[in-house]
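Below is one structure; the comments refer to it alone.
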Amino acid sequence: MVKRMLFTLAILAVVIGVPGTTRASDTCATDLANCYVAAAKIDSFWYRWAAGLDCELQFTNCARIMILGT
Amino acid sequence: MTRLVRLLAAVALVAATSCGGRSPSLPTLVARFGPIADLGTISGHVVKGDKVILMAGDASLVRIDLQASTHSTMTLPCSTGNRCWGLAGLNDGTLWTLKGMHSVMQLPGEGQALREVPLEAAHLGIHGAGSRLVLQPGTLPAGDPVLYAEAPGAMRHPWSTMRARPFVTLATGAAAALNLVSCGVSRTDELPCWFPDEPALSLISESGATRVVTLEGLPHAAPELLINARVPQRPVRDVFVEADGTIWVISTGTPIGAASEVPGGWLLARYGRRGEPIDRRQLPEPVRIILRAAHGRALVLTGAGMVSEVQP
């Protein structure tokens, strides 16, 4: 339980701690935070780790619209 | 006193015009036809003579005929959660896009049906180089190649010298986003590709041979700001290379008047084939992509959806 809470806090710190005054990818960042929270609820360490990686991929997928789309 | 003011104005004008293209001029933008409405985000485009094909929004394939001044839209079997992204046009005339992250889809042409080919891993980018599909994986460890080429269905090989860069202060997803590559359109045998934060192009031949050209006068975007800004200041938004190697670049630039929600860049710059600056033009309205360019004139798609000509 404590480990999962620490995991959640750590990843939220990474998400919230990204510097910048105006958050572009408001939606992307919110989705990432929600994804991490859901991932943190997974009991198995390896499944939780894989879900965390998938969250990062989903963030990249979302962010590409902002920084690559024309 | 008036004479002094006139003299100072004349000196300023001479100084501004003698800077070898460093000072942006304000060109005329003449609407040809349109608007092509409700495009959404354009994730890729292919130019074949007078025909331009755009991948727009989640699932729209827009065909523009520059000669006939017409356009049409086809809806593809993609969705918001499984969007179509990017467009690759190969020498054999086939068109390909990414469907979601785990498959490529050959688009229907004359007498062709839709064909879907699964990918073994998540991918986030697709481009065409001659007869080869160029794909970008979704996971990009620093130092690894960012692009892989293949004939559709064949084994993939690293393509070009572009490598993923480390961003140690950013989360993995943000670092991966900054290593995503865009590619423009070229009338030569070199495809212009670039990272979103760098004012530089990698000009890549079908074989993967790469030469890097630095675009003088365009800003380097701070990665943290690029990933976080509501309207990211992108040094390079689109590129078109003429048959003689002249490089046209759309950069975000500086909006005229109040910041606008209209998509596109406000600066149009030209460079020689080795990156030597030719000129820079501050545009009166934002433009999204370059559809055609030759002899100092360019046909562009504006943020308002008009096909317009940029005249010197």
Side-chain angles (χ1 to χ4, degrees), chain A, chain B residues 39-45 54-57 83 85-86 100-101 121-125 136-140 169-182 184 194-197 221-232 234 237-238 250 263-265 287-290 301 303:
Chain A
M1 180 66 185
V2 174
K3 277 183 184 173
R4 266 195 273 161
M5 282 195 62
L6 286 173
F7 178 76
T8 308
L9 287 172
I11 51 189
L12 285 177
V14 169
V15 175
I16 295 164
V18 175
T21 49
T22 318
R23 196 171 281 285
S25 28
D26 277 345
T27 311
C28 303
T30 304
D31 289 350
L32 178 59
N34 291 337
C35 185
Y36 273 146
V37 169
K41 291 175 182 167
I42 297 172
D43 282 330
S44 156
F45 170 80
W46 291 111
Y47 280 101
R48 190 163 66 240
W49 177 73
L53 289 182
D54 198 45
C55 293
E56 295 281 359
L57 182 60
Q58 294 298 339
F59 176 83
T60 309
N61 183 30
C62 181
R64 75 177 167 172
I65 297 172
M66 308 296 298
I67 63 174
L68 294 195
T70 57
Chain B
L39 283 173
T41 299
I42 298 172
S43 60
H45 65 290
L54 312 177
M55 182 57 67
R83 68 179 301 153
W85 180 271
M101 290 187 279
H123 285 75
L124 291 174
Q136 176 156 30
T139 306
L140 297 164
T169 59
L170 296 180
T172 310
L178 290 164
N179 277 312
L180 292 175
V181 170
S182 299
W194 62 94
F195 287 116
D197 56 316
E224 295 82 0
L225 295 179
L226 189 63
I227 207 76
N228 284 303
R230 189 170 298 282
V231 182
R234 290 151 52 179
R237 293 182 62 97
D238 189 35
I250 297 175
V287 301
R288 302 180 72 173
I289 55 175
I290 302 163
L301 180 69

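In what follows, every chain begins at residue 1, and chains take the letters A, B, ... in the order their sequences are listed. Just so it is clear, the model here is predicted, and its values are computed rather than measured.
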Taking only residues two or more places apart in sequence, or in another chain, which ones meet Asp197(B) in a side chain to side chain donor-acceptor pair (under 3.5 Å)?
-> Arg165(B)
Can you tell which part of Leu124(B) gets under 4.5 Å to a heavy atom of chain A, answering side chain, backbone, both or neither?
-> both
With chain A, the option among His45(B), Met101(B), Arg234(B), Arg83(B) that has the most non-hydrogen atom pairs under 4.5 Å is Arg234(B)
Tell me, side chain or backbone of Arg237(B) under 4.5 Å from chain A's heavy atoms, or both, or neither?
-> both
Rounded to the nearest 0.5 Å, how far apart are CG of Leu301(B) and OG1 of Thr70(A)?
-> 8.0 Å
Please answer whether the main-chain N or O of Gly173(B) pairs with a side-chain N or O of Thr60(A) as donor and acceptor at a distance below 3.5 Å.
-> yes
Begin with the C-alpha distance, continue with both residues' side-chain angles, and end with the deciding distance and a verdict on side chain to side chain contact (heavy atoms under 4.5 Å, CB included) for Phe59(A) and Thr172(B).
-> CA-CA 9 Å; Phe59(A) 176 83; Thr172(B) 310; over 6 Å; no
What pair of heavy atoms forms the shortest contact from Ile67(A) to Leu178(B), and how long is it?
-> CD1-N, 4.3 Å
Tell me, please, which residues at least two apart from Arg64(A) pass side chain to side chain donor-acceptor pair (under 3.5 Å).
-> Asn61(A)
Can you name the nearest heavy-atom pair linking Thr41(B) to Gly69(A), along with the distance?
-> CG2-CA, 3.5 Å
